[in-house]
Amino acid sequence: MAEDNKEATPSGDESVKLFVGQVPKHMTEAQLLAMFQEFALVDEVNIIKDKTTRASRGCCFVLCPSRHEADKAVSACHNKKTLPGASSPLQVKYADGELERLEHKLFVGMLPKNVSEADLSDLFSKYGTIKDLQILRGSQQTSKGCAFLKYETKDQALAALETINGKHKMEGSNVPLVVKWADTEKERQARRAQKAQSQGSNMPNADLQHPSLFGALPMGYVPPYNGYGYQGPGSYGIMPYRLPPMQNQPGFHGMIPPINQGNALRGGIRPNLSPNMAPRNYGVPPASYVGSAYHPAVPGVQYPMTYPGGMMGHRPIGGSPSSASHQVSSSSSPGSSSGVTTSSGSQVEGPPGANLFIYHIPQEYGDQELANAFKGFGNVLSAKVFVDKATGFSKCFGFVSYDSPAAAQGAIAVMNGYQLSGKKLKVQLKRDNNKQSKPY
DNA sequence: TCATATT
């Protein structure tokens, strides 16, 4: 079987990394390797572990020598096999960035507005076979001055990048083209998130957006080509084209503290400050008044309705004068011991019937705020608000775990339907799916 | 609208 049919892909950079979810935490890399090798050629398995505890996070990477082998593994396993101990079938997909990396996709910027696909093709086809080419256009078909371009191989893309980037001026232009590796999906999301952060619009209150401060933000400097190449195992080598992320750019860091400071000075977000300590409330009634006006008969709820300067992050939560003063983080209360499954890892789950699912949590709430709102009914083991990975914004639902079902019932009785801000909370027992119920 | 996670 002479298989000397060498493709036009010389270098051995065709290996593919797969991400695998729903991997039981007790499995070893060797076990996983053996398992996947039943379906495809696999070079390596790497379990993804918690940075500090080194415990498995329930997922792993699988390295395949080729796209073909990777695809075999995906089609044989994705949603098709459930490993012993897992609650749902394996999730097998290309790892973040793999597709982009395999597409040899370039971003081209600084195009003259009147350049055509054909013009670009003429220039770039000198370095290889163009598989795909598109100029980004607006609503009236007007060029946005940039394009995406896919080559057949990495070497071709690299040749074009190195030859053209910053060196080649197109006819009628006095600035050179910019050629970069296209952003991965992840990088695009990161940029979106950061944009949302810095603009801070759709936040319920805008009084923190001090115009003079914002005028100094490097907002005009958002290069669309701010990408970097993937640096995979033994593939691309050093990428000198990477720009630093926005947060690290000069001027940006310096902006944050003044803004937060301004926030803190507005006061009003800390209801337990004595009135004479809170400088000015800007229309927010004193804490005691807020409490009685808006939270009649709700124990443990003692923040104001509004966040006069509330960014989403965390606001300081001082010691509270509440009678029920359970805190979340320092959860080692010596009294309560049994029944609590402190399973390996992060979020603590309470005994059956003690875990709540909460929907319509106010957008600006984080874990702390959620815990605070629910601490009046018992010992809060954990409180988690889910957050969109891309934008960093709350998904407005989350979980609260108590150490007793009674506490959970109390919370449901009082908090379900309760209007925290805008919508009514939906508070119910968390669905209790798995739990290795072993019917003999 | 129920713990899905990218070394």
Side-chain angles (χ1 to χ4, degrees), chain A residues 15-29 32-33 43-64 70 74 78-79 82-83 85-101 183-190 193 230-233 328 341-350 352-361 363 366-367 370-371 380-390 394-402 408 411-412 416-417 423-436:
Chain A
S15 73
V16 175
K17 181 159 57 175
L18 297 175
F19 175 85
V20 181
Q22 295 304 319
V23 174
K25 296 192 200 312
H26 57 78
M27 285 191 75
T28 67
E29 290 176 345
L32 289 163
L33 181 64
D43 295 324
E44 204 176 317
V45 171
N46 297 303
I47 289 176
I48 299 168
K49 309 188 187 80
D50 182 279
K51 268 190 278 292
T52 54
T53 72
R54 307 291 298 160
S56 166
R57 302 189 62 173
C59 47
C60 70
F61 289 121
V62 168
L63 241 57
C64 294
V74 171
H78 180 65
N79 271 142
T82 301
L83 263 22
S87 53
S88 40
L90 282 176
Q91 300 301 108
V92 187
K93 43 202 254 211
Y94 282 41
D96 282 353
E98 283 300 273
L99 266 178
E100 291 92 340
R101 185 176 69 84
D183 275 2
T184 65
E185 178 63 30
K186 211 180 187 180
E187 288 158 343
R188 252 174 281 143
Q189 288 180 344
Y230 177 86
Q231 204 165 345
V328 186
T341 42
T342 312
S343 61
S344 62
S346 37
Q347 73 271 27
V348 204
E349 184 160 335
N355 304 291
L356 299 178
F357 171 71
I358 297 133
Y359 196 60
H360 290 156
I361 297 170
Q363 170 78 50
D367 295 354
L370 182 62
V380 173
L381 264 29
S382 68
K384 174 125 216 95
V385 172
F386 276 75
V387 156
D388 184 276
K389 237 185 318 180
S394 163
K395 289 182 150 166
C396 299
F397 73 89
F399 298 93
V400 168
S401 292
Y402 292 103
I412 291 174
N416 187 35
K423 296 183 186 135
K424 291 177 179 170
L425 284 186
K426 197 169 293 186
V427 183
Q428 29 186 238
L429 283 182
K430 173 182 170 292
R431 200 187 289 157
D432 198 13
N433 270 345
N434 42 32
K435 238 10 158 199
Q436 299 304 60

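Since the structure is predicted, the reported quantities are computational estimates derived from the model, not experimental observations. Letters A, B, ... are given to chains in the order of the sequence lines, protein chains preceding strands, and every chain is numbered from 1.
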Out of [options], which has the shortest distance to the side chain of [X]?
X: Lys384(A); options: dA3(B), dT4(B), dT6(B); result: dA3(B)
X: Phe357(A); options: dC2(B), dA3(B), dT6(B); result: dC2(B)
X: Asp96(A); options: dA5(B), dT1(B), dT6(B); result: dT6(B)
X: Gln22(A); options: dT4(B), dT1(B), dA3(B); result: dT4(B)

Please classify the nucleic acid contact of [X] as base, sugar-phosphate, or nothing, using heavy-atom distances under 4.0 Å.
X: Phe61(A); value: base
X: Lys186(A); value: sugar-phosphate
X: Lys93(A); value: base
X: Ser56(A); value: nothing

field: d(CZ, Arg57(A); P, dA3(B)) in whole Å
entry: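 Distance check: Arg57(A) CZ to dA3(B) P gives 16 Å.
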
query: With a centroid cutoff of 5.5 Å and a plane-angle limit of 30°, would you call Phe399(A) stacked on dA3(B)?
result: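 The ring of Phe399(A) is stacked on dA3(B).
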
- prompt: Is Phe19(A) stacked on the base of dT6(B), meaning ring centres closer than 5.5 Å and planes within 30 degrees of each other?
  reply: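 So yes, this residue stacks on that base, both cut-offs being met.
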
query: With distance as the sole test, does Asp50(A) use its side chain to make a donor-acceptor pair with the main-chain N or O of Ala55(A) at under 3.5 Å?
result: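 Here the side-chain-to-backbone pair does not exist.
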
- prompt: CG/Leu90(A) to CD/Gln22(A) distance, rounded to the nearest 0.5 angstrom?
  reply: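 Those atoms lie 8.0 Å apart.
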
- prompt: Using the ring of each side chain (for Trp, its six-membered ring), is Phe399(A) parallel, tilted or perpendicular to Phe397(A), with breaks at 30° and 60°?
  reply: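 Phe399(A) and Phe397(A): perpendicular rings.
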
